[in-house]
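Here is the structure we will look at, set down as structure tokens.
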Amino acid sequence: MPDHVCTGDGRRLRVEESGDPRGRPVFLLHGMPGSRVGPKPRSMFLHQRGARLISYDRPGYGGSDRLPGRRVADVVQDVADVADALDVDRFAVAGRSGGAPHALACAALLPDRVTRAAALVGWAPRDAEGLDWYAGMAPSNVTDLSTAANDPERFAARLIPRSAAIRSDPARLLEELREDLTADDRLIVSDNTIRSMLLRNYREALRTSPYGWIDDALALTGAWGFDPALIEVPVLLWHGQHDVFSPASHASWLADRIPRATAVLEPTSAHFASLRALPAVLDWLLSAPVETG
């Protein structure tokens, strides 16, 4: 398979596959900050499930060219271009954290290609009617995301040196988050295997520039470019009740509006517990009936 895919507008996206190359395709859209090498089930698990897992760096992250001013909805053309380059017609899609709104965009805008979608510990649109968007959110996230929404230049100026520091020492990001982690999340991120995957993920995400992270935050807090209520395919919304990075109220808001949504709210879990949930989520994605024609 190619290391890079060229988009219709001439950008290059860094792509990675794992699991069964002849299996049922699933796109895994990484978090924020994140990259194609982010946490995922082991290759043996994927082979056993018959899963062909496809991941790529969103624009500005890792080995992918930047797309300035991108919206959440702009992920759709990139995913379609990657799928076309890999000769994939129909596929499932999953997104975790910052990748979750992007997975919903694919479900909304590629209904003829997406079989099922899963959004884990994601957000609702910032203009969501009837939702107090910042309620229950950690003060650090309120500061970052409100600055991104209201003063993008100031947000970028603050994130550029922060990204440089994390690039040289990815463990800094986990230390920054530690005060807001629940005991369960601290246990998860202290696991040597998961910690190693996270640190590798953060280093690769910021390897070439901070702009994947900057553009993700601006896209997340701006107009998404689609209405989740128009999603027609089955959607699984997984969330931890104690998540303070993306509060569970966001998943509840989405569940009330997406017609074919199934909501799973784990009462003792928080944000990073979604890493443990991913194998079961993949099982659900792969349980969609196989179409014959």
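Side chains included, hydrogens not; waters and symmetry mates left out as well; all remaining heavy atoms used.
Counting all heavy atoms, side chain and backbone alike, A107 lies closest to A117 at CB-CB, 3.7 Å. The two residues V76 and A105 have their closest heavy-atom pair at CG2-O, 3.5 Å. In this structure, V37 and E204 approach most closely via the heavy-atom pair CG2-CB, 3.9 Å. Residues N201 and P33 share a closest heavy-atom pair of ND2-O, 3.9 Å. Among all heavy-atom pairs drawn from A248 and L265, the shortest one is CB-CD1, 3.7 Å. Scanning all heavy atoms of the two residues, the minimum distance from A273 to D185 falls at N-OD1, 3.3 Å.
Here CG of D169 is found 9.0 Å from CD1 of I166. Values are rounded to the nearest 0.5 Å. Here L254 contributes atom CG and H239 contributes atom NE2; the two are 9.5 Å apart, rounded to the nearest 0.5 Å. In this structure, the separation between CH2 on W253 and CD1 on I258 is 8.5 Å, given to the nearest 0.5 Å. For the atom pair CZ (F27) and SG (C106), the distance works out to 8.0 Å, reported to the nearest 0.5 Å. Annotation: the span from H250 atom NE2 to L131 atom CG amounts to 5.0 Å, rounded to 0.5 Å. For the atom pair CZ (R167) and OG (S209), the distance works out to 8.5 Å, reported to the nearest 0.5 Å.
At least one side-chain heavy atom of L159 sits less than 4.5 Å from a side-chain heavy atom of W213. Looking only at side-chain heavy atoms (C-beta outward), L104 and V235 come within less than 4.5 Å of each other. Using a 4.5 Å heavy-atom cutoff, the side chains of I160 and I214 are in contact. Counting heavy atoms from C-beta outward, I194 and P39 have side chains that stay 4.5 Å or more apart. Side chains of Y202 and L174 form a contact here, defined as non-hydrogen atoms less than 4.5 Å apart. A 4.5 Å side-chain heavy-atom check between H242 and D184 finds every atom pair outside the cut-off. In this structure, the side chains of R24 and T115 stay at 4.5 Å or more apart for every pair of heavy atoms. Side-chain atoms of F91 and V114, non-hydrogen and from C-beta on, do get closer than 4.5 Å to each other.
No donor-acceptor pair closer than 3.5 Å links the side chain of W224 to the backbone N or O of H102. Checking side-chain atoms of S97 against main-chain N and O of G122 turns up no donor-acceptor pair under 3.5 Å. Of the possible donor and acceptor atoms, one in the side chain of R186 sits under 3.5 Å from a partner among the backbone N and O of R178. A donor-acceptor pair under 3.5 Å links the side-chain atoms of S55 to the main chain of R36, judged by distance alone. Remark: the backbone N or O of V121 is paired with a side-chain donor or acceptor of S246 at under 3.5 angstrom. At distances below 3.5 Å, not a single donor-acceptor pair connects side-chain atoms of H4 with backbone N or O atoms of L13. Between the side chain of D81 and the main chain of C6, no donor-acceptor pair closer than 3.5 Å is present. Side chain of S190 to backbone of L187: a donor-acceptor contact under 3.5 angstrom is found.
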Inset, instruction - Could you go through the side-chain contact (heavy atoms from CB on, under 4.5 Å) check for V82 and V79 one step at a time? - result: CA-CA 5 Å; V82 172; V79 166; 5.8 Å; no
Inset, instruction - Walk me through it: do L145 and R126 pass the test side-chain contact (heavy atoms from CB on, under 4.5 Å)? - result: CA-CA 10 Å; L145 295 176; R126 200 173 67 90; over 6 Å; no
Legend entry - Step-by-step side-chain contact (heavy atoms from CB on, under 4.5 Å) determination, L86 to R52: CA-CA 11 Å; L86 301 180; R52 177 187 181 186; 3.7 Å; yes
Inset, instruction - Any chance you could lay out the side-chain contact (heavy atoms from CB on, under 4.5 Å) test for L177 and F245, step after step, and finish with the verdict? - result: CA-CA 9 Å; L177 300 176; F245 300 106; 3.7 Å; yes
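Counting heavy-atom neighbours within 6.0 Å of R12 CZ, excluding the residue itself, gives a total of 12 or less. Surrounding CG of N192 are at most 12 heavy atoms belonging to other residues, nucleotides or ligands under 6.0 Å away. Within a 6.0 Å sphere centred on CD of E232, heavy atoms belonging to other residues, nucleotides or ligands number 12 at most. Remark: R172 CZ is loosely packed, at most 12 non-hydrogen atoms of other residues, nucleotides or ligands lying under 6.0 Å away.
Salt bridge status for R162 with D144: present, with a side-chain N to carboxylate O gap under 4.0 Å. Salt bridge D84/R113: present, at least one basic N to carboxylate O contact under 4.0 Å. A salt bridge links R11 with D78: the distance from a Lys NZ or Arg NE/NH1/NH2 to an Asp or Glu carboxylate oxygen falls below 4.0 Å. Using a 4.0 Å cut-off between charged nitrogen and carboxylate oxygen, D57 and R207 do not count as a salt-bridge pair.
Neither L29 nor L286 shares a network with the other; the hydrophobic side chains, linked directly or stepwise wherever heavy atoms of I, L, V, M, F, W or Y lie under 4.5 Å apart, form separate groups for each. Both F155 and L206 are members of a single hydrophobic cluster when ILVMFWY side chains are connected at heavy-atom separations under 4.5 Å. With hydrophobic clusters built from ILVMFWY side chains whose heavy atoms lie under 4.5 angstrom apart, V72 does not share a cluster with L28. Under a hydrophobic clustering in which Ile, Leu, Val, Met, Phe, Trp and Tyr are joined whenever their side-chain heavy atoms come within less than 4.5 Å, directly or via other members, L181 and L120 fall into different clusters. No continuous path of hydrophobic side-chain contacts links L275 to L282 [ILVMFWY only; heavy atoms under 4.5 Å].
Shown here are the side-chain contact (heavy atoms from CB on, under 4.5 Å) partners of H30, two or more places apart in sequence or in another chain: R58, Y61.
Side-chain atoms of H271 and D243 include a donor-acceptor pair closer than 3.5 Å. A donor-acceptor contact under 3.5 angstrom links the side chains of S287 and R116, judged on distance only. Side-chain contact of S18 with K40: a donor-acceptor pair under 3.5 Å is absent, judged by distance alone.
Below 30°, between 30° and 60°, or above 60°: for W133 and W123 the angle between ring planes is below 30°, a parallel geometry.
Tested against R195, the residues L199, L198, D191 include a single side-chain contact (heavy atoms from CB on, under 4.5 Å) partner, L199.
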